[in-house]
Amino acid sequence: MERSLKRQLTAVGVTGVLAVGVLATVPQAYWPKCPIYWTTGIYCPGCGGLRATSALLNGDIVAAVNQNVFVFLAPVLVMVGFLVQRTKK
């Protein structure tokens with residue numbers, strides 16, 4: 001693996017860890033409110049992602065999967081896309 005790719009992967013990993021650390025320390029009441037749910041009362045896929053992230057940060061994996069399974073797939077898909085893009089150069 002080339003040096004710049006290692007640096008980029010490290011930067012992505014550190015950013016992810018920091019984001020999770022920030023979300024874990026901020027109470028859910030201060031998380032952003034969904035404009036769709038606020039106006040219609042209907043949960044959107046983003047709402048499910050937010051609730052799944054909250055459940056995951058609280059250690060409730062089953063509730064996180066029930067809310068939005070894409071929360072588990074998104075990081076993997078982003079990394080695969082990142083690696084595919086890097087290998088095509």
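- Contact record, Ala55 with Ala64: CB-N, 3.8 Å, taken as the closest heavy-atom pair.
- We find the CG-CZ distance between Asn66 and Arg51 to be 11.0 Å, quoted to the nearest 0.5 Å.
- The distance from the CZ atom of Phe72 to the CG atom of Leu77 is 13.5 Å, given to the nearest 0.5 Å.
- Side chains of Leu56 and Gln67 form no contact here, defined as non-hydrogen atoms less than 4.5 Å apart.
- For Val14, the side-chain contact (heavy atoms from CB on, under 4.5 Å) partners two or more places apart in sequence, or in a different chain, are Thr10, Leu18.
- Partners of Tyr37 under the ring-ring contact (aromatic ring centres under 6.0 Å, His included) rule, at least two apart in sequence or in another chain, are Tyr43.
- Not one N or O on the side chain of Asn58 forms a donor-acceptor pair closer than 3.5 Å with the backbone of Asp60.
- Under the 4.5 Å side-chain heavy-atom criterion for Ile, Leu, Val, Met, Phe, Trp and Tyr, Val78 and Leu83 are members of distinct hydrophobic clusters.
- Across every non-hydrogen atom of Ala52 and Val71, the tightest pair is CB-CG2, 3.6 Å.
- Applying the side-chain contact (heavy atoms from CB on, under 4.5 Å) rule to Ser4 yields the partners Glu2, Arg86; only residues at least two apart in sequence or on another chain are considered.
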